[in-house]
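This report concerns only the one structure given below.
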Amino acid sequence: MKILIIDDEPFVLKVLQHQLSSLTDAEVVPCDSARAALAELAVDAAQIFLIFCDLQMPEMDGIEFVRQLVALHYDKALVLVSGEDIRTLETAERLALAHKLQFLGAIQKPATREQLQQMLERAVTCCVPTPLRAAPKTYGAEDLRHAIAAGHLENYYQPKVELATGRVIGVETLVRWRHPDDGLVFPDQFITLAEEHGLINDLTRVVLTAALVQTRHWLDAGLDLKVAVNASMDNFSDVEFPDFIARTAEMAGVPLTSLILEITESRLMKDPLSALDIIIRLRLKRIKLSIDDFGTGNSSMTQLRDLPFDELKVDRGFVHGACRNDALRAIFEASLSMARQLGMKTVAEGPEDREDWDFLKASGCDLAQGYFIAKPMPASEVLGWIAAWEPRRQELM
Ligand code: C2E
Ligand code: CA
Ligand code: CA
């Protein structure tokens, strides 16, 4: 089964393809023009059950494409995607409905994961059985509260290496929930839940404490690693947060300069003034701050302007494949240049292959963290991984 996606902007196409591929096992076929999509339909109409089409395109626009679909008696699902304003979208929506297509709706760019998921589900009910991946299980706040209290959260660590030397200089802490029935549950399935139910402070404290204790164990084994911990914006309304960190680090015997807090603004700051207050106090304690997922809607230049970050992590959407894509490369390089001018260290998230690695090495970026180097792993595997990395490191230098 196939899904066609049509957009004249390569970057949008790539992001959409990536998003959809993570939601379905159907083949996602990118088309950079309506004409290319019509060519696909000419050879393989029976396989195509869903089309995502941009409205605004040079040559043949989305509206004309819809007319062509009607002429072809296309009877599967259609979604319009557009950067146009809501009014224009609504008008296009009325037109598509009037054509009696299996019109699922219009979504405004950039499409969210939830919107795409919803469209896929609608396509299934209205058209064909599609190989949709089982929806991830959802958990309740009480389950999570229990998991935090019962010690069911477990930290995984992903290495960060210096591009110039290949040296492992630190790790990022990524929390997992070791669920008694469901196995390993990933943070995408419970961080928002924690934020929405006031559990994120407890969660962060548990993760941070374990990360600092682990850092001490590594120090004792002769390994001096900087440890990064993800913080939610909600942690910055907890006035006790800086003192909690200082106390915990002291108890663990780890200098505060070894700690980096990674921040994304996934939710609006409830109280910007108290967040600023807390962030300044973290700075005064010499705890490093990193702006995470830079380049996405949640992590922007406004934050760079307002907050004193030490490190900038370029989102993996701009890293993997940047060597082959002009737009990605331009955004990646501009982010590095901005970071440098602001005196910040740069980290590239998500290099997945040798091409990404070579590109990053040549780019002058400071650090890299991604599957090409290592996937996140339990603490017990880190020492063994570092030993195995050494020959690879030499080969890559
Ligand atoms: P993040 O902070 O952006 O973390 C990086 C995510 O990208 C991790 O997913 C990691 O496994 C994945 N990743 C790393 N390298 C690659 C790569 O080369 N390719 C691809 N495709 N992915 C890569 P993970 O562990 O599922 O975490 C997801 C998100 O959950 C994290 O994104 C972070 O925002 C959040 N998170 C994790 N732990 C915590 C925590 O303790 N507290 C809070 N507030 N958020 C957390
Ligand atoms: Ca992070
Ligand atoms: Ca990130």
Side-chain angles (χ1 to χ4, degrees), residues 14-15 17-19 21-23 113 136 144 147-148 152-161 170-178 184-212 214 226-238 241 245 259-267 288-299 309-322 345 347-357 359-360 367-379 385:
K14 193 156 176 92
V15 171
Q17 181 179 18
H18 184 78
Q19 286 176 304
S21 300
S22 71
L23 291 168
R113 193 182 158 84
L144 182 57
I148 296 170
H152 292 171
L153 297 188
E154 181 179 329
N155 287 349
Y156 272 47
Y157 299 92
Q158 188 179 31
K160 289 163 96 170
V161 305
V171 290
E172 175 178 1
T173 311
L174 294 156
V175 66
R176 289 1 183 182
W177 176 356
R178 194 164 290 281
L184 210 58
V185 180
F186 285 78
D188 291 349
Q189 277 169 270
F190 59 87
I191 293 296
T192 310
L193 183 73
E195 288 173 342
E196 283 169 356
H197 290 84
L199 299 171
I200 195 71
N201 282 332
D202 288 345
L203 182 147
T204 306
R205 286 175 179 225
V206 165
V207 170
L208 196 109
T209 304
L212 288 168
Q214 182 57 52
K226 301 255 180 273
V227 66
V229 172
N230 290 286
S232 158
M233 261 305 157
D234 291 2
N235 294 128
F236 297 98
S237 46
D238 170 13
F241 194 46
I245 298 178
L259 179 66
I260 304 169
L261 291 179
E262 297 191 4
I263 310 175
T264 24
E265 195 173 12
S266 58
R267 290 144 61 75
K288 297 207 169 49
L289 298 178
S290 172
I291 180 165
D292 203 352
D293 304 334
F294 188 75
T296 67
N298 298 328
S299 207
F309 290 106
D310 303 276
E311 179 186 271
L312 180 146
K313 293 186 89 171
V314 184
D315 189 70
R316 68 170 183 268
F318 304 104
V319 172
H320 176 52
K345 285 256 178 229
V347 185
E349 288 191 324
E352 293 191 1
D353 52 38
R354 178 69 194 251
E355 276 186 301
D356 291 340
W357 171 270
F359 165 77
L360 291 178
L367 307 176
Q369 175 189 345
Y371 291 173
F372 178 71
I373 302 152
K375 292 200 166 173
M377 62 190 91
W385 177 84

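These figures come from a predicted structure and were not determined experimentally. Any value given below was found using the heavy atoms of this structure, including those in side chains, with hydrogens, waters and symmetry copies removed. Both counts, for ligands and for their atoms, begin at 1 and track the order of listing.
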Looking just at side-chain N and O atoms, do T204 and N235 make a donor-acceptor pair shorter than 3.5 Å?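 On atom types as modelled, these side chains qualify, holding a pair under 3.5 Å.
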
Where's the contact between [X] and ligand 1, heavy-atom distance under 4.0 Å: side chain, backbone, both or neither?
X	result
K313	neither
R176	side chain
D292	side chain
D188	side chain
I191	side chain

Pull out every atom of ligand 1 sitting under 4.0 Å from any heavy atom of [X], numbered as shown with elements.
X	result
E349	3 (O)
P187	24 (P), 25 (O), 26 (O), 27 (O), 28 (C), 30 (O), 36 (N), 37 (C)
P351	18 (O)
D293	3 (O)
P376	11 (O)
E172	2 (O), 4 (O)
V207	41 (O)
Q158	14 (C), 15 (N)

Option whose closest heavy atom lies nearest to [atom], chosen from [options]:
atom	options	result
atom 21 (N) of ligand 1	K375, Q189, E352	E352
atom 44 (N) of ligand 1	A348, A374, S232	S232
atom 10 (C) of ligand 1	T192, L174, L153	L174

Of R316, K160, E172, which is the lone residue that meets side-chain hydrogen bond (donor to acceptor under 3.5 Å, both in side chains) with Q369? E172

Does N155 reach the main-chain N or O of V207 with its side chain, forming a donor-acceptor pair under 3.5 Å?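 It does hold such a pair.
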
Any sub-3.5 Å donor-acceptor pair from D310's side-chain atoms to S290's backbone N or O?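 No; judged by distance alone, with no hydrogens or angles, the pair does not exist.
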
Any N or O on [X] sitting closer than 3.5 Å to an N or O of ligand 1?
X	result
Y371	yes
Q369	no
E262	no

For the residue pair [X] and [Y], establish whether any side-chain heavy-atom pair is separated by less than 4.5 Å.
X	Y	answer
Q158	Y371	yes
V206	V175	no
W177	Q189	no

Regarding R205 and D238, does a basic nitrogen lie under 4.0 Å from an acidic carboxylate oxygen? yes

Sort out for me which residue in L212, V229, L208 forms a side chain to side chain contact (heavy atoms under 4.5 Å, CB included) with T173.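 The option that passes is V229.
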
To the Ca ion (ligand 2), the closest N, O or S atom belonging to D292 is OD2

Which angle, to the nearest 10 degrees, do you find at the Ca ion (ligand 2) between OE1 in E262 and OD1 in N230?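 Between OE1 of E262 and OD1 of N230, the angle at the Ca ion (ligand 2) is about 100°.
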
Mind checking salt bridge (charged side-chain N to carboxylate O under 4.0 Å, His left out) for R176 and listing every partner two or more places apart, or none if nothing turns up?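 R176: no salt bridge (charged side-chain N to carboxylate O under 4.0 Å, His left out) contacts found.
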
Partners of E352 by salt bridge (charged side-chain N to carboxylate O under 4.0 Å, His left out), sequence neighbours excluded?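 If we apply the salt bridge (charged side-chain N to carboxylate O under 4.0 Å, His left out) test to E352, skipping adjacent residues, there are no hits.
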
Closer than 3.0 Å to the Ca ion (ligand 2): does that hold for any N, O or S atom in E172?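 Yes.
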
Minimum-distance pair of heavy atoms, taken over all atoms of P351 and I373: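 So the two residues come closest at CG-CD1, 4.3 Å.
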
Give me the atom names and distance for the closest heavy-atom approach of L184 to Y156. CD2-OH, 3.4 Å

